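A note on names: the letters A, B, ... follow the listed sequences, proteins ahead of strands, and every chain is numbered from 1. Just so we're clear, the structure is a prediction, and the values are computed from it rather than from any experiment.
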Amino acid sequence: MFDSEFERNLFELRRSKLKQIEELGQAAYPNRFPAAQDEAATSVAEVRAQWDGKTAEELEAERLQVSVAGRIMAIRAQGKAGFATLQQEGQRLQIYVRLDAVGEQGFALYKLLDLGDHIGVSGYLFRTRTGELTVHVEKLAFLAKAMLALPEKYHGLADVELRYRQRYVDLFTNLESREVFVKRAKVLRALRTFFDSRGYLEVETPMMVAAATGAAARPFKTHHNALDQDLYLRIAPELYLKRLVVGGLDRVYEINRNFRNEGVSTQHNPEFTMLEFYQAYANYQDLMQLTEELLEFVALEVNGTTIAEFNGAQIDFGKVEKLTMREAIIKFWPGQAGPAPTQIDFDNARRFLYFVQNYPVPEDDREESKFKELFHAIEIAREIQTGESIGKHIAALFEAVAEEHLIQPTIIYEFPTAISPLSKQKPDDLDWVERFEIYAGGFELGNAFSELNDPIEQKKRFEEQLAERERGDDEAHQMDEDYVRALAYGLPPTGGEGIGIDRLVMLLTGSKSIRDVILFPLMRSRDQELES
RNA sequence: GAGCUCGUAGCUCAGGUGGUAGAGCAACGCCCUUUUAAGGCGUGGGUCCUGGGUUCGAAUCCCAGCGAGCUCACCA
């Protein structure tokens, strides 16, 4: 528990102060404020909301009596008087304590208080010379002691590692951190309002599953002892939610955690919050419309504006651009790297191979080139085996060329069938599916499609994924026989979508790292913390 | 998984080219009855992330490890 002698000594010192506080007739750990069960305190927020507008004269005339509790965030003693700043729910209120108002015992208690202590005060409101709304304390109640030193009062807790590991300190010292999580709650509330008002049913599907299905990712593995059965943490709820649509729950949504056993970055945490929703009788075009409405609604609910400041850009959730994946590749192709492909280069494998094989990839400085990722994708595409699909390579080109430019909300639609085993094909072109992804801030925010509901085709797609798995792609989708059976009972035409909530919160709060929007992000454990 | 950067008091940070550690806040003592990053005087507090190496001498240079941040790769 202690990091140093300093902390150990401070802890002992505070213990002796606690004892002295008890000797003054106060409980060391009382269970309520105010102590009398039939009395209620006023919150700091209420005090500010109700009386911040009053002048010094009005306050003096009314002599408003209040009882307020809070944590001491600043303390300024002045001989036989003193000030302190109480903080409660992220709001602050000053109190003024003077010997002749609180008496010998009360003032002795005031002098035993430290930064971080919780206290309750009763008194009347007034304004100081400098105009600050302040409680003139008449009665002081001790509530709980801070036994450890608070971070520096001006800079707060700046060390990012400590902020994540000791979020409890971050939250009360860095109020902008608190604000992020208040907004996160608003995002969730707004989403639920949005779907509830449109007749969607909120559901919960399993987190622990026999097979990790519904997405391309590596799962976490665990074990159930009584059943002696290996289980996985889910990587997506998708196939369960569609089973529910088969069951006649025509509009469902789930907001819950997914787990993926993959790298950690500013945009990836091993557990993250996903919104998925499904709507019977709708296709991906309907979902595009819905997505636009959803983003605008949530931004307005959370920020009161559709504009969000993120990473130096002003992102406007009030409008969404639309491009096909192929259009985006052509549009964002870097001219300095070489000639861009044209629409017909994506028409079939022969055309595509001709394009990549004749592309002037420089031999020398390939690793240093700023088009490294693009050249890499082209090189891999050149080695296409006969019979292998080109879809994967087109998607790789898209990611290499376009993704980082998609700062304003952009819908990228029409995805290769090869990388979309759960999506319905375009009726006139079986190589492409009715799927889109929504991008903003330079990363993917959501993924949606017209759901594949033909059980025979679905089974075939799963088998193709298994073949990919055989070839060494351990992130290819797993077979789910029961899901195919569910489809065989008849899934109505359905549109479905998933939106990464953490990323949405990042954009709406201007947070550059996903860890800033997750209360307790995963950190490498430290021995020190394990033992105590 | 790779590269770059960082790790000094409880916190925020200084410590060119090696000479044995400083400031502010916090803490402790004293003064101060309208202050607000309150003020004044004084005091204590450091395995300089860990372990090796080079050197007469390492917070500083080198190597390894641990932890973190950023970028890239994988992915959402």
Legend entry - Sequence-aligned protein contact record of nucleotides 26-31 of chain B, with B where the base is within under 4.0 Å of a protein heavy atom and S where only the sugar-phosphate is: BSS---
Inset, instruction - Scan every strand shown for a Watson-Crick or G-U wobble partner of B:C74, both distances under 3.5 Å, and answer none if you come up empty. - result: none
Inset, instruction - Could you check whether A:G156 gets within reach of a base, just the sugar-phosphate, or nothing at all, counting any heavy atom under 4.0 Å? - result: sugar-phosphate
Inset, instruction - Find the distance A:Q267:CD to B:C74:C1' and express it as a whole number of Å. - result: 13 Å
Legend entry - A:Q94 and A:Y96: CA distance, side-chain angles, deciding distance, side chain to side chain donor-acceptor pair (under 3.5 Å) verdict: CA-CA 7 Å; A:Q94 181 170 264; A:Y96 180 51; over 6 Å; no
Inset, instruction - Determine the contact category for A:N269: base if any of its heavy atoms lies under 4.0 Å from a base atom, sugar-phosphate if only primed atoms, P, OP1 or OP2 are that close, otherwise nothing. - result: base
Inset, instruction - Choose from B:A38, B:U33, B:U12 the nucleotide whose nearest atom is closest to any side-chain atom of A:L157. - result: B:U12
Legend entry - Separation of the C1' atoms in B:U12 and B:A26, to the nearest angstrom: 11 Å
Inset, instruction - Tell me whether the guanidinium CZ or amine NZ of A:R435 lies under 6.0 angstrom from the six-membered ring centre of A:F415 and within 45° of its axis. - result: yes
Legend entry - Salt bridge flag under 4.0 Å for residues A:R234 and A:E254: yes
Inset, instruction - Go through the N and O atoms of the side chain of A:R129 and the base of B:U34, and report whether any donor-acceptor pair is under 3.5 Å. - result: no
Legend entry - Distance, rounded to the nearest Å, where A:Y164 contributes OH and B:G67 contributes P: 17 Å
Legend entry - Distance flag, aromatic centroids of A:Y439 and A:F398, threshold under 6.0 Å: yes
Legend entry - Rounded distance (Å) that lies between atom P of B:C11 and atom CG of A:N174: 14 Å
Inset, instruction - Before accepting this row, confirm whether a basic side-chain N of the pair A:D502/A:R184 lies closer than 4.0 Å to the acidic partner's carboxylate O. - result: yes
Inset, instruction - Ignoring backbone atoms, test whether A:S4 places a side-chain nitrogen or oxygen under 4.0 Å from the OP1 or OP2 oxygen of B:G10. - result: yes
Legend entry - Lys/Arg-Asp/Glu bridge criterion (N-O < 4.0 Å) met for A:E271, A:R257: yes
Legend entry - Pairs satisfying ring pair (Phe, Tyr, Trp, His ring centres under 6.0 Å), at least one member in residues 156-180 of chain A, at least two apart: none
Inset, instruction - Select one nucleotide: of B:U34, B:G69, B:A76, the one nearest the side-chain heavy atoms of A:F83. - result: B:U34
Legend entry - Watson-Crick or G-U wobble partner of B:A27, both distances under 3.5 Å: B:U43
Legend entry - Which nucleotide in B:U35, B:A76, B:U33 has an atom nearest any side-chain atom of A:T134: B:U35
Legend entry - Donor-acceptor pair present, A:D159 side chain and B:U12 base, under 3.5 Å: no
Inset, instruction - Ignoring backbone atoms, test whether A:R524 places a side-chain nitrogen or oxygen under 4.0 Å from the OP1 or OP2 oxygen of B:G67. - result: yes
Legend entry - Donor/acceptor link under 3.5 angstrom from A:Q94 side chain onto base of B:U35: yes
Legend entry - Presence of A:R76 side-chain N/O under 4.0 Å of B:A38 phosphate oxygens OP1/OP2: yes
Legend entry - Nucleotide B:U35, atom C1' - distance to CG of A:L99 in whole Å: 17 Å
Legend entry - Interatomic distance, A:R163 CZ vs B:U12 C1' [rounded to whole Å]: 14 Å
Legend entry - N/O (side chain, A:T266) to phosphate O (OP1/OP2, B:U71) under 4.0 Å: yes
Legend entry - Under 3.5 Å on both distances, the Watson-Crick or G-U partner of B:G22: B:C13
Inset, instruction - Inspect the contact between A:K392 and A:E468 and indicate whether a charged nitrogen and a carboxylate oxygen are less than 4.0 angstrom apart. - result: yes
Inset, instruction - In plain terms, say whether A:E238 and A:K242 are close enough for a salt bridge, that is, a side-chain N and a carboxylate O under 4.0 Å apart. - result: yes
Inset, instruction - Give none if B:A64 has no partner; otherwise give the nucleotide forming a Watson-Crick or G-U wobble pair with it, both distances under 3.5 Å. - result: B:U50
Inset, instruction - Round to a whole Å and report the spacing from CD of A:E7 to P of B:C11. - result: 7 Å
Inset, instruction - Would you kindly give the OH-to-C1' distance between A:Y96 and B:C32, to the nearest whole Å? - result: 12 Å
Inset, instruction - Take A:S513 and A:V264, find for each the nucleotide of RNA chain B with the closest heavy atom, and name the residue whose nucleotide sits nearer the 5' end. - result: A:S513
Inset, instruction - Using both distances under 3.5 Å as the test, list the Watson-Crick or G-U wobble partner of B:C4, or none. - result: B:G69
Legend entry - Under-4.0 Å side-chain N/O to phosphate OP1/OP2 contact, A:R165 with B:A68: yes
Legend entry - Distance in angstrom units between A:H376 NE2 and B:A73 P, rounded: 9 Å
